[in-house]
Q: 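Pasting in a structure now, in structure tokens, and then I'll have a few things to ask.
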Amino acid sequence: MLTKSFELPTEEQLTVEEVNISTPALRAGAFHLGKYCETPSQEFMLCRFEEKDPRKCFEIGKEVTACGLEFFRKVKKECLDEFTQFANCLDKSSVDFKFSPCRNTQAAFDKCMLEKLEMNKPGYGYYCRAKVLKTDRPRPPGYITPEFPNAAKPIVIPPYEELPEAKHGSRFFVYP
């Protein structure tokens, strides 16, 4: 239910050039796109999480879309053949766009991206790692930093000189 004071965004605020690309092509460039547009994407998600109102994040969302457009324009200019072959392989080799049948075309695309655009494909698990975003955007009023009371405490290991004598032999020899 909306109240009378609720303002919907205008058509101008919502209008932005879209990334008009197919699913296989989007999957083909996904790893590199995620790395290329990492900062604006994280800014957008942080804004959505902190503000709890997507209307306040339109401008950052437009930056994410512009970043995606810029990325695919660069790929089209420098690595179009390799990208097209990889996307076609994803499209035609399996029903659910699996990467496994297309490792050769993927390697050719990755090599082109590295040589011409100097972009490495992120390693396995890169997007699962915890990252801290440094942002210039001010925190919203009333934002409370979350606390984690059950977080693991750091283990403090004393220097070797302060360790007590070993009870059963040397600390430097491990019995097989």
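If you read the sequence from its start, that first residue is 1, and numbering goes on from there.
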Q: Are more than 12 heavy atoms from other residues, nucleotides or ligands located less than 6.0 Å from atom CG of L8?
A: yes
Q: Determine which pairs satisfy salt bridge (Lys or Arg N to Asp or Glu O under 4.0 Å) with at least one residue from residues 14-25, sequence neighbours left out, and list them in order.
A: E17-R73
Q: Got a sec, which residues hit side chain to side chain contact (heavy atoms under 4.5 Å, CB included) with S5, two or more places apart in sequence or on another chain?
A: T3
Q: Once you round to the nearest 0.5 Å, how far does CG of L80 lie from CD of Q85?
A: 10.0 Å
Q: Going by salt bridge (Lys or Arg N to Asp or Glu O under 4.0 Å), name the pairs with one or both residues in residues 140-163, residues two or more places apart or in two chains.
A: none
Q: Give a yes or no on whether F6 atom CZ has more than 12 heavy-atom contacts from other residues, nucleotides or ligands under 6.0 Å away.
A: yes
Q: Taking all non-hydrogen atoms of both residues into account, name the closest pair between G68 and C37 and its distance.
A: N-SG, 3.6 Å
Q: Using a side-chain heavy atom cutoff under 4.5 Å and only I, L, V, M, F, W and Y, what cluster partners does F58 have?
A: L14
Q: Checking S94 now: which residues fulfil side-chain hydrogen bond (donor to acceptor under 3.5 Å, both in side chains) with it, not counting sequence neighbours?
A: none
Q: Which residues, ordered by chain and number, are linked to F83 in its hydrophobic cluster, where ILVMFWY side chains connect at heavy-atom gaps below 4.5 Å, directly or through other members?
A: V19, I21, L26, F31, L33, Y36, L69, F71, F72, V75, F86, L90, F99, F109, M113, L117, M119, Y126, Y127
Q: Is it true that atom NZ of K134 has more than 12 heavy atoms of other residues, nucleotides or ligands lying nearer than 6.0 Å?
A: no
Q: With sequence neighbours left out, what residues match D53 under salt bridge (Lys or Arg N to Asp or Glu O under 4.0 Å)?
A: R55
Q: Could you list the residues that satisfy salt bridge (Lys or Arg N to Asp or Glu O under 4.0 Å) with K56, not counting sequence neighbours?
A: E51
Q: Could you measure the distance from the CD atom of E38 to the NZ atom of K131? Nearest 0.5 Å is fine.
A: 5.5 Å
Q: To check you understand the geometry: which heavy-atom pair defines the closest contact between C89 and P101, and what is its length?
A: SG-O, 4.0 Å
Q: Among Ile, Leu, Val, Met, Phe, Trp and Tyr joined by side-chain contacts under 4.5 Å, find the other residues sharing a cluster with V64 and list them by chain and number.
A: F44, M45, I60
Q: Please identify each residue that fulfils side chain to side chain contact (heavy atoms under 4.5 Å, CB included) with K116, with sequence neighbours left out.
A: E78, C79, C112
Q: Please, which pairs that meet salt bridge (Lys or Arg N to Asp or Glu O under 4.0 Å) have at least one residue in residues 81-103, sequence neighbours excluded?
A: none
Q: When rounded to the nearest 0.5 angstrom, what distance separates CD in E63 from OG in S41?
A: 10.5 Å
Q: Side chain to side chain contact (heavy atoms under 4.5 Å, CB included) with E50: which residues, sequence neighbours excluded?
A: L46, R137, P140, Y143
Q: At their closest point, which heavy atom of K62 faces which heavy atom of V16, and how far apart are they?
A: CG-CG2, 4.1 Å
